[in-house]
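Contents: one structure, followed by commentary.
The sequence lines fix the lettering, A, B, ..., with proteins before strands; numbering per chain opens at 1.
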Protein chains: 2
Amino acid sequence: MPSTTASNSEPFAAERTLADPETPFAVVDVDRVLRNIERLRARTERLGVTLRPHMKTAKSLDVAALLHDGRPCPVTVSSLAEAEAFADGGYTDLTYAVGLAPHKLPRVIALLRRGVRLRVLLDSAEQARCVAEASRKAGLTVPALIEIDCDGHRGGLTPEAAELTAVGGMLADAGCLDGVLTHAGESYFARTGEERRLAAENERDAALTAAGRLRAAGLPVATVSVGSTPTAHAAEDLTGVTELRAGNYVFFDLVMAGLGVCRLDDLALSVVVTVIGHRPEFGWIVTDGGWMAMSRDRGTAAQDRDQGYGLVTDLSGRLIPDLVMTAASQEHGTLTTRNGSELPQLPVGTRLRILPNHACATAAQHRGYRVTDSARRPTGPVPAIEAYWPRVSGW
Amino acid sequence: MPSTTASNSEPFAAERTLADPETPFAVVDVDRVLRNIERLRARTERLGVTLRPHMKTAKSLDVAALLHDGRPCPVTVSSLAEAEAFADGGYTDLTYAVGLAPHKLPRVIALLRRGVRLRVLLDSAEQARCVAEASRKAGLTVPALIEIDCDGHRGGLTPEAAELTAVGGMLADAGCLDGVLTHAGESYFARTGEERRLAAENERDAALTAAGRLRAAGLPVATVSVGSTPTAHAAEDLTGVTELRAGNYVFFDLVMAGLGVCRLDDLALSVVVTVIGHRPEFGWIVTDGGWMAMSRDRGTAAQDRDQGYGLVTDLSGRLIPDLVMTAASQEHGTLTTRNGSELPQLPVGTRLRILPNHACATAAQHRGYRVTDSARRPTGPVPAIEAYWPRVSGW
C-alpha cells in the first residue's frame, strides 16, 4: 500500500480499525478506488486516448499513485497548490484546468523552470496577451489551452466564436498554443446513458470544431482535451481527441450513482460519525457529523431521489435500509428513515458511515483519509485501517 | 494588532495590500469585528450575564484575543481540536457545546488534567453513565451540562422530559452536574425583531424550567447557559440565566443581515476573488472563487431575498449594486446582475470581494485570514494587509 512520507509522520499508528479514530473522519476504500480506476483505464485504452485524471477530487499523491502503478502519469489539477504538490511528487505533465488569473503566472513560470510541463487554460485575448508577454519576459513558453464551451455551462469560447482564431494566433505567435480543452458540465444533469452518450459526442464535436478552425487558420493544435466523469464513462468514439479528463470517478458519490454512472457499491469515500443522541418523538438519530464533515453539498436534491446529506452504512459498509442523513448543522447530523419506518436500534456511541452527495466537496472538508481495503480478508467485524493519506489543501 | 506565533511564521511578509495575495483568499476586517464584539459585549453587560463567545465561526486565537483585550475569557468550542488550541493559548474556561460521543472522554480528561475547566454536553442516561464512570476511573469530575431542547431544532431533552432529573441525578451523584444549556436554533428562521425577542424569551424559559426542575429535585445547577446570535441580540431580560453564547456575530453574514440581526456593513468576513472571464451572451462574469472558497452554503435561499452564493464588493469593500454570485463550481464562481441590468466593466484580472451567506461555513474553507482594518486611514485605493491569522482545523 503506497503511503507518503507525510502520512507516515501522522500520529495515527495506534489506530487499528475504523472503530479507533475519533469521529468524524473520512475513509477511502482502496479496493473500490482501484476498481473505479481500472474501469476507466480500460475504457480509455479501448477509445485510444490518453487518460489525464483530475486530482481535484482526491487531492492526494497516494490516491494518484494507484492510477499508474505508482508511477507519475499525466494529471489535471484545479489549483497551483495541487500543481506544486504533484510536481514535488515527480509529476511533470500537468494541466491547470481553471481559467488563468494573470497574477498567477509567476508561479506557473516557476513550475515550468523546474521542468514541469504545466499547461494553463484561457478563453480571452486579455489572458492570451498576458501569457505571451510573461513568456517573452521569462524567456520560455507557457503552454496554453483555449477553453471551449460545449454546453453553456461555465467558461470558454464557443467553437464558432469569432475570437477563437485571434486568441489562438496570439498564443501561437508566442509559441504558447498547445490546443483546446472542453468540459461537458451539463452532463451532470444528463439522466440516461443515451443523454450522456450524446453529451460525450457533443463535447467531442465542440473540441474538434474548435481545433479544426484553429488548424484551418494555420495554427498548431497538439492537444484536444475533453472530459467529465459522466461523459468519460459514456463516450464511444473519440476519434480526433487526444486526451480524456475525469476526476470524481476515483471516489464516485451519490450524485453519480443517481445519474447511473456508477453503482452504490462503487462509492469509495465515506465519513465515519458517531451517534450522540436520539429524538424518538421526531424520529431522529443525532450524530457528531454535520456539514463541517460532509460539506453543505446537496447535489441529489436536484435528482429524482433526494438522498439528503447522504446514505448511512454500518462500519463495515453495509447500507442501513431507508436511513438518510436529512439535516446538518455545523457539528450535528440528523438521521431519519425515508418513509417514517421504524428507526434502527443504534445506541449512543454507535459508529456509522455516511456516503456523500458529492465526493469533491466532502473530501475537501478533511485533511486526509483513513484507508481501508475491502478486498482484504477481514480479521474482525470492523475494517482495518491500512494507512493515512493526507490531502493537498489551499490554492 | 495581536498575532500568534504561528501566523508570524506564515510566508506572507511580502503582501502589503489585498491586491497582492493570489486569489481566492479570506479577509477579515478587524474594525468590523471589534464593532460587532463591542455591541454584544455592551448588551450582555446590560443584561447582567457572562458572555461566552462561540469559537466555531472564527476558530482563531487572534480573533478571540479581540474579545477581551487580549486576555483569555470564557469561550465555547465546537470540537476538541478547538478546545486544545484554546487551552494551548491560555484559555481555561471552556464549554464543548456538541453532545458528547463517549469515546472522546480521554481527550476531555487530558484537558481537565491540564487545569482546563472543560464542560461537556449530553442529553441521555447513557452519556451520563459514561461521564460518571470516566470521572470515577480518572479520579476527577468531568463537569457536564444537560442539553435542553427549547424549540425542536436539534438535540436535547425538553424541559419537561421525565428523564431530566434521572440524568441530572446520575451526574450529580458523580459530582459532575454543572447545569443546563440550550440553543434557540429555530431563531435563525425568525424574521422580525419581535419573533427573535420571543425566541429569546422561550430559550430563557426552557433553560429556567429545566434548571428549576433539577433544583426542585435537590440537584445543584450552577450554570444556566443560553444563546444563539439572533437571540443574543434580541434578549431583553435574562433573569436567572448565568451566561449567553453566540458565535457568528464576530463576523456576521448575509443570513444574519437578511434576518435583520445586523447591517450589511457589519459583515467582517469576505473572500477575495479574481475575474477570469466573461460570457456576455449569458450575462456572466466568471471568477476563480467557486464553492471551494465560498462553501456550498446557500442559507439565504430560504430568506425573502436570495443572495445566491454572495454579494460582490470592490476591493475596498464598496458594494457593487445588483451584482450577485449566482453559481459556483469547485473553482469557478459566476456573477450576474440581479435584474438583468447591465454588467459592470470588470476586466479579466479585476479583484473583487464576495460577502458570504454563512460565515461559519465560508471561513471553514480557508486555512486563515488576511486581516485589514477599515478604521485605519487608507494609504492607497486598496486596503492594507495588517496580519495573517491562522484558523484551527480538524476535530
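- Contacts with chain B were tallied for Ser329(A), Ala101(A), Ala19(A), Pro24(A); Pro24(A) has the most, counting heavy-atom pairs under 4.5 Å.
- Taking chain B as the reference chain and counting heavy-atom pairs below 4.5 Å, the highest number among Gly394(A), Ala364(A), Ser295(A) is found for Gly394(A).
- When heavy atoms are compared at a cutoff of 4.5 Å, Leu157(B) does not approach chain A at all.
- Chain A forms the most heavy-atom pairs under 4.5 Å with one residue out of Phe25(B), Trp284(B), Phe282(B), and that residue is Trp284(B).
- Chain B forms the most heavy-atom pairs under 4.5 Å with one residue out of His278(A), Glu281(A), Gln365(A), Glu147(A), and that residue is Gln365(A).
- Ranked by heavy-atom pairs under 4.5 Å with chain A, the list Pro347(B), Ala97(B), Gly152(B) is led by Gly152(B).
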Practice prompt. May I have the step-by-step check of side chain to side chain contact (heavy atoms under 4.5 Å, CB included) for Thr362(A) and Val271(A), ending in yes or no?
Written response: CA-CA 8 Å; Thr362(A) 299; Val271(A) 176; 3.6 Å; yes
Worksheet item: Between Ile146(A) and Leu181(A), does a side chain to side chain contact (heavy atoms under 4.5 Å, CB included) hold up when you go through it step by step?
Response: CA-CA 6 Å; Ile146(A) 302 176; Leu181(A) 177 150; over 6 Å; no
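- Contacts of Ala293(B) with chain A are made by both backbone and side-chain atoms, with heavy-atom separations under 4.5 Å.
- Most heavy-atom pairs under 4.5 Å with chain B, from the set Glu126(A), Arg351(A), Arg279(A): that is Arg279(A).
- Your options are Pro102(A), Ser79(A), Gly156(A), and the one with the most heavy-atom pairs under 4.5 Å with chain B is Gly156(A).
- Without hydrogens or angle criteria, Arg391(B) side chain to Ala363(B) main chain gives a donor-acceptor distance under 3.5 Å.
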Discussion item. Working note: Ser393(A) + Arg367(B), criterion side chain to side chain contact (heavy atoms under 4.5 Å, CB included); need CA distance, chi angles, decisive distance, verdict.
Written reply: CA-CA 9 Å; Ser393(A) 70; Arg367(B) 290 185 293 198; 3.2 Å; yes
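- For Thr23(B), the parts lying under 4.5 angstrom from a heavy atom of chain A are both the backbone and the side chain.
- Both the backbone and the side chain of Glu331(B) have a heavy atom closer than 4.5 Å to some heavy atom of chain A.
- Ring-centre distance between His332(B) and Trp291(B): not below the 6.0 Å cut-off.
- In this structure, chain A has a heavy atom under 4.5 Å from the side chain of His358(B), while its backbone stays farther away.
- A salt bridge links Lys59(B) with Glu82(B): the distance from a Lys NZ or Arg NE/NH1/NH2 to an Asp or Glu carboxylate oxygen falls below 4.0 Å.
- Interface remark: Arg298(B) contributes no atoms to any contact with chain A (heavy atom separation under 4.5 Å).
- Of the atoms belonging to Ser124(B), it is side-chain heavy atoms, and not backbone ones, that fall under 4.5 Å from chain A.
- Below 30°, between 30° and 60°, or above 60°: for Phe251(A) and Tyr369(A) the angle between ring planes is above 60°, a perpendicular geometry.
- Counting heavy-atom pairs under 4.5 Å between each of Ala327(A), Ser78(A), Gly277(A), Gly349(A) and chain B puts Ser78(A) at the top.
- If you measure heavy-atom distances from Pro106(B) to chain A, you find no contacts under 4.5 Å at all.
- With a threshold of 4.5 angstrom between heavy atoms, Asp297(B) approaches chain A through its backbone and through its side chain.
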